[in-house]
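Numbers restart at 1 for each chain; the letters A, B, ... are given by sequence-line order, proteins then strands.
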Number of protein chains: 4
Amino acid sequence: MQGIRKKVQVGVIGGNFGSEEVLKQAEIVGREIAKRGAVLVCGGMGGVMKAACRGAKSEGGITIGIIPTGNKNDANKYVDYVIATDMGMARNAIIINSVSGVIAVGGEYGTLSEIGFALQKRIPVVSLSSWTVTSDIIKADNADNAVSVLFVKIGE
Amino acid sequence: MQGIRKKVQVGVIGGNFGSEEVLKQAEIVGREIAKRGAVLVCGGMGGVMKAACRGAKSEGGITIGIIPTGNKNDANKYVDYVIATDMGMARNAIIINSVSGVIAVGGEYGTLSEIGFALQKRIPVVSLSSWTVTSDIIKADNADNAVSVLFVKIGE
Amino acid sequence: MQGIRKKVQVGVIGGNFGSEEVLKQAEIVGREIAKRGAVLVCGGMGGVMKAACRGAKSEGGITIGIIPTGNKNDANKYVDYVIATDMGMARNAIIINSVSGVIAVGGEYGTLSEIGFALQKRIPVVSLSSWTVTSDIIKADNADNAVSVLFVKIGE
Amino acid sequence: MQGIRKKVQVGVIGGNFGSEEVLKQAEIVGREIAKRGAVLVCGGMGGVMKAACRGAKSEGGITIGIIPTGNKNDANKYVDYVIATDMGMARNAIIINSVSGVIAVGGEYGTLSEIGFALQKRIPVVSLSSWTVTSDIIKADNADNAVSVLFVKIGE
């Protein structure tokens, strides 16, 4: 039996809360990732994470939620596969280690920690209404553009 | 849009090496888990983990590998979705937190640590040619039996 | 300025609860570790961990508590330095990685996971009224003996 | 026997490399923390971490290194107590969870992740020649000032 061709895993990072505009952007980002056949990896909770998963599922995509608690039921209802770390903030590092690139949508300080990890690991970081604290972060104007530029950067 | 019905996640734990007999058992365990429509979660590396994933994929099942390194490419070729923890042995706790029950196949001291975590978290542990250090561990005679009894215990 | 000569770090593992006899053993173990000038590393919570720390402090020893929560105040009052992991059971791996050998005193399934990690990492494991599931674990008859044999094994 | 009065634990964060000026600042920061009787917690490796530990030890202070590898010997020679996490970047979260406030000295993207965690956890963050990406970060002009303002903020 042959091995499988693994799908590209892409991260969407952002907070448990977000303005209506930010949540709408997250949903489009999730949808566009699914359209490209990639797997959406996120923190699995509410807000931006939930909106992105909902978007991905609306296109039949696959969603993985790497959650901070040890209870699988804490994941949002659009997560297919739940990784229950029980590691609080440290789970942010696992998200980054598991993806080929990330799109930050809005987000607060937790998102900033994930951006720091991603930059340290030298994977592409696209910012959509999020932190732009260094020129190593790629700034996107809108959700479609954010996904397009990320896939160019990761060579898919 | 409705939420999705999450599939049951079941763990297969065991070492990077194993006798031919143990690897055969692991492959059957993986196959039987896939037949029941459950998701196979494991450590994603070689030996028992690889054999179990190969078994699951032979039935079109889904496999998740929660690996100890930070390099997605270290997962075996039968893993669908890779969680690259970069946490060494501590990733064993994440495997246990992410499943409803586990089957230990052969295995050495790393497997013992996972059994300890699973018993602490009070999820069912089935032993197939593995540790049976307490009566809280369910002893299985063969691979089919191991999967059957696990699914009874987790109520699926 | 010269570097410092690091002290030997020794682990005491055991549960949050314990019989009067087990707690008494843990206290003696802590005391004897301190007498030898070693640093006591443990999980920092109650039961065996607290008794061992109390024993160490009664001899002016140093105690480090690597706790499962993210709140430094959860450590017992005999811990000098608190490492607040917020990683639940996974902190057990950090304890093992940080010591040259461990003494298990009583203990339940969490202790079993730590023993598994220690055996995997090939550091000496001494059992005092605890798990003896393999001949790689050194069985001690009493608390004084447990500490003596551990220090012989780690070459101090 | 009475419990001990735990010392305040303060973090110094920064990279494995730094300019001569940054390393000098780190050393003064470490020294001033030790003078105030606080415990210095850091990542335990080279560069800023080593300079800060050297400064603390020059005043007889206590230093704790929470290192990314699983090998205690990887800590710099001015670390008193080594916590070997074997968790790579995720150990940054443990540093932040274990301190009452942090001083960032220089630093690159790893430091940014730690600042994100600290801001998320709402502990004081002082920046000395480091990131100032939000007004929640307190900017210090020099090393003495950085330590003074941190201790005011944490109420010591």
- Would you mind listing every ring pair (Phe, Tyr, Trp, His ring centres under 6.0 Å) that reaches into residues 13-57 of chain B, with sequence neighbours excluded? none
- Separation between CG (B/L112) and CG (C/L112), nearest 0.5 Å, reads 4.5 Å
Quick check - list every chain B-chain C donor-acceptor pair under 3.5 angstrom, one line each.
| from | atom 1 | to | atom 2 | distance (Å) |
| --- | --- | --- | --- | --- |
| B/Y109 | OH | C/T134 | OG1 | 3.0 |
| B/Y109 | OH | C/D136 | OD2 | 2.4 |
| B/T134 | OG1 | C/Y109 | OH | 3.0 |
| B/D136 | OD2 | C/Y109 | OH | 2.5 |

